[in-house]
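For reference, the structure discussed in these notes is given below.
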Amino acid sequence: MKDIKRIEIIDLLKGNRNEEIGKEICVKGWVRTKRGNKNIAFIALNDGTIIHNIQIVVELASFDEEIMRRITTGACLRVNGKLVESVGQGQNVEVQATEIEIYGEADVDTYPLQKKGHTLEFLREIAHLRPRTNTFGAVFRIRHAMAYAIHKFYNDRRFFYWHSPIITASDAEGAGEMFQVTTLDLNNIPKTPEGKVDYSQDFYSRQTSLTVSGQLEGELGALSLGKIYTFGPTFRAENSNTPRHLSEFWMIEPEMAFYELEDNMNLAEDFIKYLVNYALENCKDDLEFLQNMYDKELISRLEFVVNNDFVRLKYTQAIEILEKADQKFEFPIAWGVDLQSEHERYLVEKHFKKPVILVDYPKEIKAFYMKQNDDGKTVRAMDVLFPKIGEIIGGSQREENIEKLVSRMKDVGIEPDEMKWYLDTRRFGSAPHSGFGLGFERLLLFVTGMVNIRDVIPFPRTPHNAEF
RNA sequence: UCCUCCUUAGCUCAGUUGGUUAGAGCACAUGACUGUUAAUCAUGGGGUCUUUGGUUCAAGUCCAAAAGGGGGAGCCA
């Protein structure tokens, strides 16, 4: 077979290599469909660079019957052929095959992907093969684009990518149940004389876990480099079984010195709008596919978010609106209670019909590190609420006053001595600062229009499920 | 973890008040068609009805439990 440098399918379909028309080129990829009659066959070939396929035209007279039989849905091919303008409708260019090599066959009796009709639930069971489908190809290309855009957004604004640790010894973050990390022999656990686990014999000589948030370490970065962000995996051992929770997910946590709550809100809104706009400008083909297949209003909803200001509202005002709502809630509403999903959904989807940033929550329902307001009752927390997916961002201005911070720690039962390194930020050169956390997969739910968070991460981790 | 629904061919589903050989579309095989667009048309093969136990002359169908999955809730991002 003639050795020709491979061209990626996106370049052929986007017209980037039109100077090759009339010449022999090489493409490589996986077969999506094969159809035709006894004289001619059409193979739709996809290499993952773009959602669309290149059409390979095969004159059967010049090819071995045996090789054509082995070309089935899912097989991987190397194809040499002449790039020509297409005779048929539906594509601008196609490849008139001259030579075909089969890299790998896909047995039709056992290859689970077919030309038609797979549910997302079925594809979840074959997560190792689902990226070969149009849907998951689109989702994961968008996932990449969003990850890239996150780094670009922060780099352009002079934020530094800060690597907070994955393994942590601080369990005082209060953000959820943690996965323990240990090298102890679980069949023979060393015990102290009191009968407790003897962690002094463990790898770190103390009890450690996977991180539930990089925020506390992020604050150390902000109070030295000025503006930082983290972007990494996060782990929660909660027994959450919903379409919005994973036990392993990715989170972006910016943290900024000298930012007050207002600045924090502005950054959060700019950030989300930037990402959504980036998707609109750079992932058009994939978004159009997802819109056609799953969500007819996807693109208009994304455009709406980019073009409209988020509503900004104090918790107290939200309670007033909910109390006046002409709708019965399962959970009664009153000042001081945390908002339930039904309440958030009412505000975002019914009352305002746009994203809402809620601020100044009662201190009792928020984390200890949030800056206390002068009213003595509320803290400078902010939650960004989105239609369909609920809380997409949670953040706050941080308490920089060490006395107030220690007092809150004691209120909620955290031993200040165990957080000495954290309190040192307030002890030495403390400063006003703020930050927030954005759930990466929840952002992707919004951008792709998918409804189950397990469908926007390649290998979802949920209770009882760690396959692949 | 709680509530609720689902599990029938490789995939997506139908299956009547419990009744004799469990159906369809797609996929697959064979054939037809000189360029198809998830091609079309014809014919054909393909099922321990998730598992276990129970009720009954008789269970895909009724009851119970388990496993897996969906939706809602809580926890949160």
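No experiment lies behind these values; they were computed from the predicted model shown. Numbered from 1 within each chain, the chains take letters A, B, ... in sequence-line order.
A:Phe249 qualifies as a stacking partner of the B:A77 base, centre to centre under 5.5 Å and near-parallel within 30°.
With RNA chain B read from its 5' end, the first of the two nearest nucleotides for A:Val108 and A:Glu342 is the one closest to A:Val108.
Taking the six-membered ring where the residue is Trp, A:Phe310 and A:Phe386 present perpendicular rings, their angle passing 60° and hence far from 30°.
Between A:Asn465 and B:G68 there is no side-chain polar atom (N or O) within less than 4.0 angstrom of OP1 or OP2. Of the side-chain N and O atoms in A:Thr33, none sit less than 4.0 angstrom from OP1 or OP2 of B:A38. Between A:Arg454 and B:G70, a side-chain N or O to OP1/OP2 separation shorter than 4.0 Å is present. Applying the 4.0 Å criterion to OP1 and OP2 of B:C33, one finds that A:Lys38 has a side-chain N or O inside that range. Side-chain nitrogen and oxygen atoms of A:Arg236 include none within less than 4.0 Å of the OP1 or OP2 phosphate oxygen of B:G74.
Cation-pi check for A:Arg157 over A:Tyr274 is met; the charged atom lies under 6.0 angstrom from the ring centroid and within 45 degrees of its normal.
Among the protein residues, A:Asn241 comes within range of the nucleic acid bases, having at least one heavy atom under 4.0 Å from a base atom. Using a 4.0 Å heavy-atom cutoff across all strands shown, A:Thr234 reaches no nucleic acid atom at all. Contacts of A:Leu113 with the nucleic acid, taken as non-hydrogen atoms under 4.0 Å apart, are absent. A:Arg69 comes within 4.0 angstrom of nothing in the nucleic acid, heavy atoms only.
For the C1' atoms, the distance linking B:A77 with B:U4 amounts to 26 Å, nearest Å. A gap of 15 Å separates the C1' atoms of B:G60 and B:U21, to the nearest Å.
One cannot find a donor-acceptor pair under 3.5 Å joining the base of B:C11 and the side-chain atoms of A:His118.
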Requested in this report: Please step through side-chain hydrogen bond (donor to acceptor under 3.5 Å, both in side chains) for the pair A:Glu24 and A:Thr98, ending with a clear verdict.
Outcome: CA-CA 9 Å; A:Glu24 191 170 26; A:Thr98 51; 2.5 Å; yes

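With hydrogens and angles ignored, the 3.5 Å screen pairs a side-chain donor or acceptor of A:Glu441 with a backbone N or O of A:Trp250.
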